There are 2 protein chains.
Amino acid sequence: MSRRSYAHYCPVARTLDVIGERWALLIVRELALGPRRYTDLHADLPGISTDVLAARLKDMEANGLVTRRRLSVPVWVYELTPRGHELVPVLAGLASWGSALLSEADPTDALRGHWFAIPLATALRQAAGSATGTVRVLLDEHDWSLRIGPGGVTFTGEDTEPDATVRLDTATAAALARGDTRLSDAVAHGEVTVKGDTALSCALGTTNSVR
Amino acid sequence: MSRRSYAHYCPVARTLDVIGERWALLIVRELALGPRRYTDLHADLPGISTDVLAARLKDMEANGLVTRRRLSVPVWVYELTPRGHELVPVLAGLASWGSALLSEADPTDALRGHWFAIPLATALRQAAGSATGTVRVLLDEHDWSLRIGPGGVTFTGEDTEPDATVRLDTATAAALARGDTRLSDAVAHGEVTVKGDTALSCALGTTNSVR
DNA sequence: CGGCATCCGTGACGATACTG
DNA sequence: CAGTATCGTCACGGATGCCG
């Protein structure tokens with residue numbers, strides 16, 4: 001908890017005591033796709049200072065959101081705990097609300113493809129309908145994997161052969177996040193390419209309107 | 001937007017640019033139930049300083065989250081715009097995540113009954129099943145009204161006779177928010193009283209397990 | 001070189017006093 | 001009642017240094 005707590009007996013205020021400080025939720029965003037090293041976090045959180053990143057990670061570890069794990073002898077990674085992972089739906093809600101703000105693109109803005117992983121997961125979840133399975137996303141030079149289940153979406157490692165592979169660029173991802181484009185329309189226009197021969201890839205790759 | 005923007009082309013970061021500053025989301029919490037005066041806001045946001053409250057309201061007005069309206073000649077009220085109201089589901093997500101943190105009750109914590117309106121609405125929505133209608137909530141000395149629709153819950157004024165009236169205390173509300181108690185069990189134990197003779201009041205007042 | 005800790009300038013915040 | 005003014009404090013951002 002922040003040293004400066006709201007001291008309100010209120011579930012919203014309690015949450016903000018834990019993840020309301022600057023950068024905290026963006027660190028969750030970075031870790032949502034899987035474990036990351038300190039340097040990777042620093043590289044993908046442009047603008048954060050080194051001490052604030054270190055302090056946040058310590059706070060979040062103390063609050064049970066993050067664990068520090070040793071990958072090899074010199075390599076430590078940070079990853080979300082299950083409790084921390086439960087914040088991903090919250091991020092999805094924030095992303096959904098904020099997608100409308102993406103129209104104003106500032107040339108000074110930083111940009112990483114995986115920042116669209118969460119809103120893209122929401123769009124893929126809708127487009128999949130009742131189909132389930134794993135999806136590999138290729139967005140510009142970034143890539144990640146996710147599993148579409150009946151209840152929701154989880155990000156996975158890239159261990160297995162995906163049921164569907166989706167390739168797109170950042171502009172298309174932003175349009176999908178904003179809801180300006182439906183996935184089916186983007187596929188029809190060739191802005192999104194779906195590969196695979198499973199029920200899931202068919203569901204994502206057809207022009208059927210899902211909602 | 002805060003003068004200190006993240007400058008990330010990312011829907012989450014864009015949202016935090018707008019509502020990530022201290023107190024902003026708690027102001028939304030206060031306005032979720034309806035229009036409020038400056039003094040009321042200040043009274044129900046213990047710990048906020050007058051200048052920060054004024055500054056946030058100005059920012060939120062500039063960002064289209066809040067409007068200032070003249071009720072009578074000397075009385076101004078602040079209320080959420082439709083865009084601001086779209087943040088209520090986000091608050092519900094934050095409240096759901098943070099309900100587990102309410103077990104640690106600090107005696108120095110401030111407390112207002114209506115701080116449980118959002119998690120309580122979530123619980124009522126689940127308990128209602130397919131029933132719809134208006135509910136009047138009486139929590140200690142606080143009270144408010146909400147409409148349970150098929151898609152979600154909205155807070156309303158107290159204009160009409162409610163389909164159901166629900167009376168409970170803060171401790172019960174906290175238990176319901178945490179998920180420690182189901183509404184049906186709380187009704188069975190007499191911790192929640194449901195009045196009315198509609199389908200909705202029956203759905204809320206029976207001991208049927210809904211999930 | 002990755003992973004921080006230290007120092008310092010700036011801005012956001014909190015408390016109180018004051019004003020139309 | 002509804003804020004504005006003032007000021008001390010703290011969090012943040014940037015740069016640099018230390019240490020394995």
Side-chain angles (χ1 to χ4, degrees), chain A residues 1-8 13 16-28 30-31 35-63 66-79 108-110, chain B residues 1-8 13 16-28 30-31 35-63 66-79 108-110:
Chain A
M1 184 183 311
S2 162
R3 290 210 296 106
R4 202 177 275 191
S5 163
Y6 288 110
H8 290 193
L16 295 176
D17 280 340
V18 175
I19 47 84
E21 284 178 307
R22 194 163 166 76
W23 295 107
L25 278 177
L26 295 187
I27 292 174
V28 176
E30 292 304 312
L31 295 177
R36 290 289 183 92
R37 302 165 61 157
Y38 180 93
T39 310
D40 300 332
L41 291 173
H42 189 257
D44 282 342
L45 290 166
I48 199 172
S49 57
T50 58
D51 55 347
V52 168
L53 176 55
R56 286 295 169 279
L57 288 170
K58 238 181 263 295
D59 292 347
M60 295 169 75
E61 199 178 353
N63 286 323
V66 160
T67 54
R68 207 167 83 111
R69 188 159 57 93
R70 150 163 275 150
L71 259 195
S72 68
V73 178
V75 177
W76 289 87
V77 291
Y78 295 88
E79 61 186 345
T108 68
D109 282 342
Chain B
M1 182 183 315
S2 161
R3 288 210 300 104
R4 202 177 275 190
S5 162
Y6 287 111
H8 290 193
L16 295 176
D17 281 339
V18 175
I19 48 83
E21 284 178 307
R22 194 163 169 76
W23 294 108
L25 279 176
L26 295 187
I27 293 175
V28 177
E30 293 304 312
L31 295 178
R36 290 290 184 92
R37 301 165 61 157
Y38 181 93
T39 311
D40 300 332
L41 291 172
H42 189 256
D44 282 341
L45 290 166
I48 199 172
S49 55
T50 58
D51 55 347
V52 169
L53 176 55
R56 285 296 169 280
L57 288 170
K58 238 181 264 297
D59 292 347
M60 295 168 75
E61 200 179 351
N63 287 324
V66 162
T67 55
R68 206 166 85 112
R69 186 160 57 93
R70 149 163 276 150
L71 258 194
S72 67
V73 177
V75 177
W76 289 87
V77 290
Y78 295 89
E79 61 185 345
T108 67
D109 282 342

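Throughout, protein chains are lettered first and strands after them, A, B, ... in sequence-line order, and every chain is numbered starting at 1. Since the structure is predicted, the reported quantities are computational estimates derived from the model, not experimental observations.
- Screening Ile19(A), Ile27(A), Val18(A) against Met60(A) for a side-chain contact (heavy atoms from CB on, under 4.5 Å) leaves a single residue, Ile27(A).
- Between the side chain of His8(A) and the backbone N or O of Pro46(B) there is at least one donor-acceptor pair closer than 3.5 Å.
- Of the possible polar contacts, none joining the Tyr6(B) side chain to the Gly47(A) backbone as a donor-acceptor pair under 3.5 Å is found.
- For residues 43-50 of chain A, proximity to DNA chain C is found at Thr50(A), defined as any non-hydrogen atom under 4.0 angstrom from a strand atom.
- Note on Arg22(A): every side-chain N or O is 4.0 Å or more away from OP1 and OP2 of dA11(D).
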Exercise for the section: Show your working on side-chain contact (heavy atoms from CB on, under 4.5 Å) between Arg22(B) and Val52(B) and close with a plain yes or no. Expected result: CA-CA 9 Å; Arg22(B) 194 163 169 76; Val52(B) 169; over 6 Å; no
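- In terms of phosphate contacts, Arg4(B) brings no side-chain nitrogen or oxygen within less than 4.0 Å of OP1 or OP2 of dT10(C).
- Atom OH in Tyr38(B) sits roughly 10 Å away from atom C1' in dC1(D) (whole-Å rounding).
- Atoms CZ (Arg36(B)) and C1' (dC1(D)) sit 16 Å apart, rounded to a whole Å.
- In this structure, His42(A) atom NE2 and dG13(D) atom C1' are separated by 10 Å, rounded to whole Å.
- Nearest-nucleotide positions on DNA chain C for Tyr6(A) and Thr39(A) put Thr39(A) closer to the 5' end.
- Between the side chain of Asp40(B) and the base of dA2(D), no donor-acceptor pair under 3.5 Å is found.
- If you take CD of Glu21(B) and P of dC12(D), they are 12 Å apart, rounded to a whole angstrom.
- Put simply, NE2 on His42(B) and CZ on Arg36(B) are 14.5 Å apart, with the number rounded to the nearest 0.5 Å.
- Residue Trp23(B) places none of its side-chain N or O atoms closer than 4.0 Å to OP1 or OP2 of dA12(C).
- Note on Arg68(B): a side-chain N or O is less than 4.0 Å away from OP1 or OP2 of dG3(D).
- Applying the 4.0 Å criterion to OP1 and OP2 of dT4(D), one finds that Lys58(B) has a side-chain N or O inside that range.
- Taken to the nearest 0.5 Å, the CG atom of Leu41(B) stands 9.0 Å off from the OH atom of Tyr38(B).
- Rounded to whole Å, the distance from CD1 on Ile27(A) to P on dC12(D) is 11 Å.
- In this structure the side chain of Glu79(B) never reaches within 4.5 angstrom of the side chain of Leu31(B), judged on heavy atoms.
- Distance CG (Asp17(B)) to P (dA12(C)): 13 Å, rounded to an integer number of Å.
- Here Thr39(A) contributes atom OG1 and Leu53(A) contributes atom CG; the two are 9.0 Å apart, rounded to the nearest 0.5 Å.
- In this structure, the CG atom of Leu41(B) is 13 Å from the C1' atom of dG3(D), given to the nearest Å.
- Rounded to an integer number of Å, the gap from CG of Leu53(A) to P of dG2(C) is 14 Å.
- Contact check of residues 70-78 of chain A against DNA chain C (heavy atom, cut-off under 4.0 Å) returns Trp76(A), Tyr78(A).
- Taking 4.5 Å as the limit, every side-chain heavy atom of Leu71(B) sits out of range of all side-chain heavy atoms of Arg37(B).
- A donor-acceptor pair is defined here as one N or O able to donate and one able to accept, closer than 3.5 Å; no such pair exists between the side chain of Arg56(A) and the backbone of Asp59(A).
- Here the side chain of Asp51(A) is nearest to one of dC4(C), dC7(C), dC13(C), namely dC7(C).
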